[in-house]
Amino acid sequence: ENFEYSVTDEGVSIDKYNGNEGFVSIPEEINGLKVKKIGNEAFRWHKEIREVTFPESLEYAGDYAFCECRGLKSVYFGNNLKYAGEHIFYNCRNLVEISIPSGLEYIGDGFAKNCENLKNITISSDNNLSSSVSGFLNELSGEIVIKIGETGGELILPSFGYEYIDKCYSKTFETVTHGAGVLYRKCIEKHRINYDLYDFAFRYAVREELPQTMCRIAINRLQSQNGLNNESKKQYIDYLSEHISDTIRTIVYYENIDFIEVMEKEHMLTEEILLSAINITSETDRADFTAEFMDRKMRLFGRKKKTFDL
C-alpha cells in the first residue's frame, strides 16, 4: 500500500505517501472508511508526482502537504474541500493548473507561493465564492485563466506589476501599477464574479495591454458569454473587427477554429474580412483554417463570375 494512514472519528487521514507514481489518485475510501484528511507534509519532496486527483470525500489538506513536489503540474480537488493549509504547494514550480471548490472556507498563507507557472485555475462555480477563494485569486499577479466548471466559461485576467519610485524630495515612495490586471481582479468579489465590471474594464485595458491580449479576452467572452450584455458584446465585436489581423492570428495560434462559427453567428464575417482571413491563414500554412474561411465565403457570398472585355 502506498499510503500510511490513521483513523479518526471523522474518517481516514493520509499521513504519508510511500509510492513513486507520476499520477496519484487518492482513494475515496480505505477499508470502508471515507478519506477525509491529508496530513501535514504527507507528500512533501515527491518530485516524481505529475498529477494528483482528490476524492469528493476530502475535507482537509494540511500544511506543506505537497511542498517541493517540483514535478507536479496538475491538481484536482473535490468539491467538498473546506480547509487548505499553509504552503501546501510551496515551490511546486511546474504547477500549471489547479481545480478548487468555489466555497473553500480557508486557504492558508503561501498556498501557491513560488508557483510561477500557475496559469489555469478552475473554480466550481461563479457564484457563492468564499472570501478565501476570491482573496487567493486576487493575490496572483501573473496572467491567469479562470475556468468556471459549472458553465464551462473562461475569463482571462492579465498580469500586473508594481514599481516603487523613490521621491527623494519628500523621502517617500510612490507605488505605480503596470498592466490592467489590478482593474480586472476587481471583478472577483466576495460571493461572485461581477461580469459587468469585468467587461467594463476592457475599455481601459486597451490602453495598457497588447492587442493580442485584448483579442484573447474578447474571443473568450464571445465564446462563453456568461453574464454578457448587448453593449459589452458589441464592444468586443467592434474591437475584433477593427483588429482583424490580430484576431485571425490569435485564433490560429491557439488553434481555436470553433471561433469561426461564433464570428459568423455574430455577423462579423463580411466579404472583406473573409478575404483578409484567407490571406492571413494562407501565410501561416494552416490549410484547415484557410479552407474553413473559404467555405464560408463561398456559402455567404457565392463565387464571383469573371468578366472579360472584348
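The first residue in the sequence is number 1, and the count goes up from there.
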Applying salt bridge (charged side-chain N to carboxylate O under 4.0 Å, His left out), which residue pairs with at least one partner in [range] are found, sequence neighbours left out?
range            : value
residues 112-133 : Arg93-Glu116
residues 17-32   : Glu28-Lys34, Glu29-Lys34
residues 225-242 : Lys233-Glu266, Lys234-Asp238

Which heavy-atom pair separates [X] from [Y] by the least distance, and what is that distance?
X      : Y      : answer
Cys92  : Cys69  : SG-O, 3.6 Å
Glu209 : Ala180 : OE2-N, 2.8 Å
Ser132 : Leu104 : CB-O, 3.7 Å
Ser134 : Lys190 : OG-CA, 4.2 Å
Ile273 : Leu269 : CG2-CD2, 4.4 Å
Ser245 : Ile280 : CA-CD1, 3.6 Å

Using the rule that Ile, Leu, Val, Met, Phe, Trp and Tyr join whenever any side-chain heavy atoms are under 4.5 Å apart, tell me whether [X] and [Y] fall into a single cluster.
X      : Y      : result
Ile121 : Val96  : no
Leu157 : Phe200 : no
Leu210 : Val206 : no
Ile244 : Tyr254 : no
Tyr106 : Leu129 : no

What distance separates [X] [atom1] from [Y] [atom2], expressed to the nearest 0.5 Å?
X      : Y      : atom1 : atom2 : result
Leu240 : Gln235 : CG    : CD    : 10.5 Å
Cys67  : Ile88  : SG    : CD1   : 11.0 Å
Cys215 : Tyr253 : SG    : OH    : 14.5 Å
Arg185 : Leu137 : CZ    : CG    : 9.0 Å
Arg249 : Gln212 : CZ    : CD    : 10.0 Å
Ile14  : Ile38  : CD1   : CD1   : 4.0 Å

Contacts of [X] that satisfy side-chain contact (heavy atoms from CB on, under 4.5 Å) - sequence neighbours left out:
X      : answer
Ala201 : Leu183, Tyr184
Arg299 : Glu264, Arg296
Glu10  : Thr8

Would a distance-only check, ignoring hydrogens and angles, find a side-chain to backbone donor-acceptor pair under 3.5 Å from [X] to [Y]?
X      : Y      : result
Ser232 : Leu228 : no
Ser282 : Ile278 : yes
Ser57  : Val35  : yes

Exercise. Verify side chain to side chain donor-acceptor pair (under 3.5 Å) between Thr122 and Asn120, making sure each step is shown before the conclusion.
Key: CA-CA 7 Å; Thr122 298; Asn120 300 298; over 6 Å; no
For residues [X] and [Y], determine if any side-chain heavy atom of one lies less than 4.5 Å from a side-chain heavy atom of the other.
X      : Y      : answer
Leu155 : Tyr195 : yes
Phe89  : Leu118 : no
Tyr239 : Ile217 : no
Glu51  : Lys73  : no
Glu105 : Ser130 : no
Asn117 : Leu95  : no
Glu189 : Leu197 : yes
Ile148 : Ile123 : yes

Output side-chain donor-acceptor pairs under 3.5 Å for residues 74-85, partner residues at least two apart or in another chain, one line each.
{"from": "Ser74", "atom 1": "OG", "to": "Glu97", "atom 2": "OE2", "distance (Å)": "3.0"}
{"from": "Tyr76", "atom 1": "OH", "to": "Glu97", "atom 2": "OE2", "distance (Å)": "2.9"}
{"from": "Asn80", "atom 1": "ND2", "to": "Glu56", "atom 2": "O", "distance (Å)": "2.8"}

Which pairs count as ring pair (Phe, Tyr, Trp, His ring centres under 6.0 Å) when at least one residue sits in [range], sequence neighbours excluded?
range            : answer
residues 133-152 : Phe111-Phe136
residues 261-282 : none
residues 9-30    : Phe3-Tyr17, Tyr17-Phe43, Tyr17-His46

Quiz item: After noting the C-alpha distance and the side-chain angles of Thr281 and Thr290, does the key distance pass the side chain to side chain donor-acceptor pair (under 3.5 Å) rule?
Solution: CA-CA 5 Å; Thr281 53; Thr290 304; 2.9 Å; yes
Quiz prompt | Test side chain to side chain contact (heavy atoms under 4.5 Å, CB included) applied to Phe289 and Ile248, Ile260, Asn256, Thr284, the passing residue | solution = Ile260
Self-check item: Pairs meeting criterion side chain to side chain donor-acceptor pair (under 3.5 Å) with involvement of residues 137-147, two or more places apart
Solution: Glu143-Arg216
Exercise. Could you verify whether a donor N or O on one side chain and an acceptor N or O on the other, from Asn128 and Ser102, lie under 3.5 Å apart?
Key: no
For residues 58-65, which side-chain N or O atoms pair as donor and acceptor with protein atoms under 3.5 Å away, sequence neighbours left out?
{"from": "Glu59", "atom 1": "OE2", "to": "Lys36", "atom 2": "NZ", "distance (Å)": "3.3"}
{"from": "Asp63", "atom 1": "OD1", "to": "Glu86", "atom 2": "N", "distance (Å)": "2.8"}

Quiz item: Stepwise, does the side chain to side chain donor-acceptor pair (under 3.5 Å) test hold for Gln223 with Asp258?
Solution: CA-CA 9 Å; Gln223 280 193 294; Asp258 292 339; 5.5 Å; no
Practice problem: Walk me through it: do Tyr198 and Asn226 pass the test side chain to side chain donor-acceptor pair (under 3.5 Å)? | Solution: CA-CA 11 Å; Tyr198 180 90; Asn226 297 340; over 6 Å; no
